[in-house]
Colleague: 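Shown below is the structure under consideration.
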Amino acid sequence: MITEKVRAIWCRELRRDEIAVDDDFFALGGDSVIMAKIQAGYIDELDVEVPMDQMYLNPTVASISAYIEAMGAVTRS
């Protein structure tokens, strides 16, 4: 469930119809401005604050989703 929400945030902010879980954020054209928008999306939609350094260390939907799940985040319906 977290993975799909993360993917939806990425698709919206990167303005793409589809993103694979192993696509690299930077290869998709991501930059610091988009990253800040994604970070805000995590706060608004997942109720979790992901530090910027973790977003750099986890540049795929799969890896950042695993990080968020490891934090014990619970998503809203």
Side-chain angles (χ1 to χ4, degrees):
M1 171 117 80
I2 287 176
T3 300
E4 288 308 313
K5 290 189 179 205
V6 167
R7 186 191 326 236
I9 293 167
W10 281 39
C11 285
R12 181 182 67 237
E13 299 304 339
L14 287 163
R15 296 187 175 156
R16 293 186 173 257
D17 292 332
E18 188 60 37
I19 295 175
V21 295
D22 59 350
D23 284 343
D24 183 273
F25 173 78
F26 300 103
L28 294 169
D31 59 26
S32 60
V33 173
I34 295 170
M35 189 176 282
K37 291 178 181 180
I38 289 173
Q39 188 179 38
Y42 294 154
I43 293 168
D44 292 344
E45 298 171 44
L46 302 176
D47 289 329
V48 63
E49 188 167 342
V50 177
M52 196 68 72
D53 65 327
Q54 288 301 318
M55 294 175 68
Y56 278 100
L57 293 170
N58 297 287
T60 66
V61 168
S63 63
I64 199 67
S65 296
Y67 172 81
I68 292 169
E69 287 175 358
M71 291 175 56
V74 177
T75 62
R76 294 181 276 186
S77 303

Colleague: Is there a chain of hydrophobic side chains (I, L, V, M, F, W, Y, each step under 4.5 Å between heavy atoms) that links Leu57 to Ile2?
Modeller: no
Colleague: Just by modelled atom types, is the Glu49 backbone N or O under 3.5 Å from a matching donor or acceptor in the Gln39 side chain?
Modeller: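 No, the answer is negative, given that no donor and acceptor are paired below the 3.5 Å cut-off.
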Colleague: Among Ile9, Ile34, Asp23, find the one that has a side chain to side chain contact (heavy atoms under 4.5 Å, CB included) with Leu14.
Modeller: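 For Leu14, the side chain to side chain contact (heavy atoms under 4.5 Å, CB included) test succeeds with only one of Ile9, Ile34, Asp23, which is Ile34.
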Colleague: If two hydrophobic side chains count as joined below 4.5 Å and joins carry through other members, does Met52 share a cluster with Val50?
Modeller: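 Hydrophobic grouping puts Met52 with Val50.
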Colleague: Knowing that exactly one of Arg12, Lys5, Arg7 qualifies, which makes a salt bridge (Lys or Arg N to Asp or Glu O under 4.0 Å) with Glu45?
Modeller: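 Result for salt bridge (Lys or Arg N to Asp or Glu O under 4.0 Å) with Glu45: Arg12.
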Colleague: Is there a chain of hydrophobic side chains (I, L, V, M, F, W, Y, each step under 4.5 Å between heavy atoms) that links Phe26 to Ile19?
Modeller: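 Shared cluster, yes.
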Colleague: Which atom pair, heavy atoms only, marks the closest approach of Leu28 to Arg16?
Modeller: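 Closest approach of Leu28 to Arg16, heavy atoms only: O-NH2, 3.2 Å.
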Colleague: So Val6 and Leu46, side chain to side chain contact (heavy atoms under 4.5 Å, CB included) or not? Walk me through it.
Modeller: CA-CA 9 Å; Val6 167; Leu46 302 176; 3.9 Å; yes
Colleague: Quick one: side-chain hydrogen bond (donor to acceptor under 3.5 Å, both in side chains) partners of Tyr42, sequence neighbours excluded?
Modeller: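 Partners of Tyr42 under the side-chain hydrogen bond (donor to acceptor under 3.5 Å, both in side chains) test: Trp10.
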Colleague: Would Phe25 and Ile38 satisfy side chain to side chain contact (heavy atoms under 4.5 Å, CB included), going step by step from the backbone distance to the final call?
Modeller: CA-CA 11 Å; Phe25 173 78; Ile38 289 173; 3.5 Å; yes
Colleague: Return each pair, listed once, that meets salt bridge (Lys or Arg N to Asp or Glu O under 4.0 Å) where at least one residue sits in residues 24-38; pairs must be two or more places apart or across chains.
Modeller: none
